[in-house]
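Side chains are part of it too, since the values below use all heavy atoms of this structure and drop only hydrogens, waters and symmetry mates. The sequence lines fix the lettering, A, B, ..., with proteins before strands; numbering per chain opens at 1. All figures in this text were calculated on a predicted structure; none of them were measured in a lab.
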Amino acid sequence: MRVSRLMLVTLREIPADAEITSHQLLLKGGFIRRVASGVYAYLPLMWRVLKKITRIVQQEMDSTGALETLLPQLQPSELWKQSGRWEAYTAGEGIMFNLKDRQNRYLGLGPTHEEVITSLAKELINSYRQLPVTLYQTQTKFRDEIRPRFGLMRSREFIMKDAYSFHANQECLDKTYKSMDNAYRNIFSRCGLKVLAVEADSGAIGGVASQEFMVTAEAGEDNILTSPDGKYAANQEKAVSIPPMAKPLELSKDSLIETPLNGSINSLCKTLEIEASQVVKVILMLGKIEGKKPQPILISLRGDQELNEVKLTNAIADILKAEVLDLHKITPNQLKLEGLSELPFGAIGPDLTNDALSKAKTWSSSFLRIADRTAIDLRTFLCGANKLNLHRICNGWEGMPKDTISADLRNSQAGDSCVHDPTQRLQEKRGIEVGHIFQLGRKYSDALEARFTNEEGTSESFWMGCYGIGVSRLAQAAVEQNNDEHGIIWPISIAPFEVIIVIANVQDETQLKLGEILYQRMKDSNIDVLLDDRKERAGVKFKDADLLGVPLRVIVGRDAKEGKIELLRRLDRQSIVINQQDALKKIIAQINELKPPEFQ
RNA sequence: CGGGGCGUGGCGCAGCUUGGUAGCGCGGGUGCUUUGGGAGCACUAGGUCGCAGGUUCGAAUCCUGUCGCCCCGACCA
């Protein structure tokens, strides 16, 4: 390809709305253009990158025996109602774009494909003899994100590889799960990415075992907690740890304490000269629960701990045996709308009585009370006295409502001791999730009644796994991890081109001719080569070459008349002057050197 | 959804407070010079100031509404 024919538009100034480096560089280098919020056009250069990633993904998936397919993006609501996800994915802050066709049928734009694939498996697979089978596809997915941001990192339309496996039993699922884990590690390593595998919550998709693959980068949106010995890594939602000990509280008698105008735990503690770990704080939330009345939830936490909403959601679902569709803090305005009297926010205790809900119009009339174990473990603590600006000292939980359920609700934090080895202290990192593998179990096959006949001749639901890679996100994550002050440095395996030939001055016949000869030779040797034949000044072309991040650069310039060219490596700007006859050999050698060792 | 901010040539911005019919830098086109790190000079094209109402003799500027985009947040109010 010739740069003069590439529709290349690089920007001198960074567009104002790009926040993180990778987003800025992709815009500046002419790789992507925003079309709407969270919706991007992949320009020709970017498309080459995406195709290269896809190719690697295909090779690794194929080598596990998975079958490539292509499923519809437009999906009938019926399938989603059968799996029970239609409500959760469309109501409230649901992320599924949905629409009505001319016959008033409801459809969703696929954010994922469990329903479709499971219903196909139901139709196509009847016997254990057909199992196991894994299907995968690479295509555009749609998610109406609450807040799209950072270019391709969190977009509303994105490219994803998703795979689904079907098995006759858990052991077989385990085997495929492991082979996917292995394939994923190969994929990321071949793409030139440093990726960390972490334990994860399976979230809205449901299921048992789950692992995320994180590109470590400051700009990442996810918090990861790791142990220095490398034996434990989990994302914030899932991470467990041993919290620091609470400082024992000296005062022992029940006593009321005036605490006017204490906006926060911190100021409360400062005024009373106590530690946050000696306080029990209460948060009131309202959960929308499938098939039930809105449920007020009273959450008790130790003052120095943070609420983990994912753990809370899981705990609620577990206790009520129903899906949690939505979970939000209760606001004074909501209380008013519900016909309830005001509550002493800021001074609520774990024993706030259900009387507070007695006049509720639509809500359940009693609290679901859940307390984090660290709060339950406190012997003596300070908590709200259920009256504005009033707190009190409590001696243990004896006097508290009997229906308080203990659960792990807290966020693990950097510095906490690790469960597997208390001498290890958790460290915090930021990461970009580029892959996620799950063992779904039988959640979807049960819901959609997707069954096969097993060896005993009886009917049984499929065991399922699902495995995703955010292809477009991975491409941007690669930029986030590989760049310098001059621009992008693509890992060679996913670079839009492997080599760029820059003819310093196309008006110089000798340079132009030599450039063209080298270009032809490289094309003949199947090298992905780009020829910068533009009638621009050399400086402009060098700047663009840096920005575009092509790993190897051949400069045909002044020394062309002696048959010499310069070969420059983008990564470290090491350059050598060589005879043009040796060019091809040297370039091929360098291309191989730049690949990860195990794939040269 | 809550809070904050911004919409003015392709990009980055000024002008708005104090109304008088639009400007700067970069980019585009043409010509000459230049030619290894985002060149110089000259000429030139390009904007119903997001949109809709209103106030006014007169609106980019003031008022109302609306659309779009960006940032922060959703852990005791």
Quiz item: Is there a side-chain contact between A:Asp533 and A:Tyr519 (heavy atoms, below 4.5 Å)?
Solution: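 Result no, sub-4.5 Å side-chain heavy-atom pair not found.
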Mind checking who [N] pairs with, Watson-Crick or G-U wobble, both distances under 3.5 Å?
N	answer
B:C1	B:G73
B:G25	B:C11
B:C16	none
B:G36	none
B:U66	B:G50
B:C41	B:G31

Exercise. Identify whether any heavy atom of A:Ile14 sits under 4.0 Å from a base atom; if not, whether one sits that close to sugar-phosphate; answer base, sugar-phosphate or nothing.
Key: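 Sugar-phosphate, backbone atoms only, no base.
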Exercise. Describe the nucleic acid contact of A:Ile330 in one word from base, sugar-phosphate, nothing, applying a heavy-atom distance below 4.0 Å.
Key: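 Base contact.
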When you compare [N] with [M], how far apart are their [atom1] atoms, in angstrom units rounded to a whole number?
N	M	atom1	answer
B:A14	B:C26	C1'	15 Å
B:C62	B:C49	C1'	15 Å
B:A60	B:G29	P	32 Å
B:A59	B:U8	C1'	14 Å

Spatial distance of atom [atom1] ([X]) from atom [atom2] ([Y]) [nearest 0.5 Å]:
X	Y	atom1	atom2	result
A:Leu352	A:Ser300	CG	OG	10.0 Å
A:Ser155	A:Tyr40	OG	OH	8.0 Å
A:Phe158	A:Arg143	CZ	CZ	4.0 Å
A:Leu518	A:Arg521	CG	CZ	5.5 Å
A:Ile405	A:Ile376	CD1	CD1	10.0 Å

Quiz item: If each of A:Ala16 and A:Ala347 is mapped to the nucleotide of RNA chain B with the nearest heavy atom, which maps nearer the 5' terminus, i.e. the 5' end?
Solution: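 First, find each residue's nearest nucleotide; the 5'-ward one identifies A:Ala16.
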Quiz item: Between A:Ser37 and A:Leu307, which is nearer to the 5' end of RNA chain B once each is assigned its nearest nucleotide?
Solution: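 Nearest-nucleotide comparison on RNA chain B picks A:Ser37.
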Exercise. Go through the steps for A:Arg149 and A:Glu221 under the test salt bridge (charged side-chain N to carboxylate O under 4.0 Å, His left out), then give the verdict.
Key: CA-CA 10 Å; A:Arg149 57 181 139 180; A:Glu221 293 187 89; 3.2 Å; yes
Quiz prompt | Nearest to side-chain heavy atoms of A:Ala36, which nucleotide of B:C69, B:C75, B:G12 | solution =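 For the A:Ala36 side chain, the nearest candidate turns out to be B:C69.
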Quiz item: Which letter, B, S or -, goes with each nucleotide of nucleotides 41-46 of chain B from 5' to 3', with contact meaning a protein heavy atom under 4.0 Å?
Solution: ------
Quiz item: Which pair of non-hydrogen atoms, one from A:Val282 and one from A:Pro350, has the smallest distance, and what is that distance?
Solution: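 Closest heavy-atom pair between A:Val282 and A:Pro350: CG2-N, 3.6 Å.
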What does the list of N/O pairs under 3.5 Å between the protein and nucleotides 36-39 of chain B look like, with a distance for each?
from  : atom 1 : to       : atom 2 : distance (Å)
B:G36 : O2'    : A:Arg558 : NH2    : 2.8
B:G36 : O6     : A:Arg558 : N      : 3.1
B:G36 : N1     : A:Glu566 : OE1    : 3.2
B:G36 : N2     : A:Glu566 : OE1    : 2.6
B:G37 : N1     : A:Asp546 : OD2    : 3.2
B:G37 : N2     : A:Asp546 : OD2    : 2.3
B:G38 : O2'    : A:Arg12  : NH1    : 2.5
B:G38 : O2'    : A:Arg12  : NH2    : 2.5
B:G38 : N1     : A:Asp544 : OD1    : 3.2
B:G38 : N2     : A:Asp544 : OD1    : 3.4
B:G38 : N2     : A:Asp544 : OD2    : 3.4
B:A39 : OP2    : A:Arg537 : NE     : 3.3
B:A39 : N9     : A:Arg537 : NH1    : 3.4

Quiz item: Any donor-acceptor pair under 3.5 Å linking the side chain of A:Ser472 with the backbone of A:Ile159?
Solution: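 Between the backbone of A:Ile159 and the side chain of A:Ser472 there is a qualifying donor-acceptor contact (under 3.5 Å).
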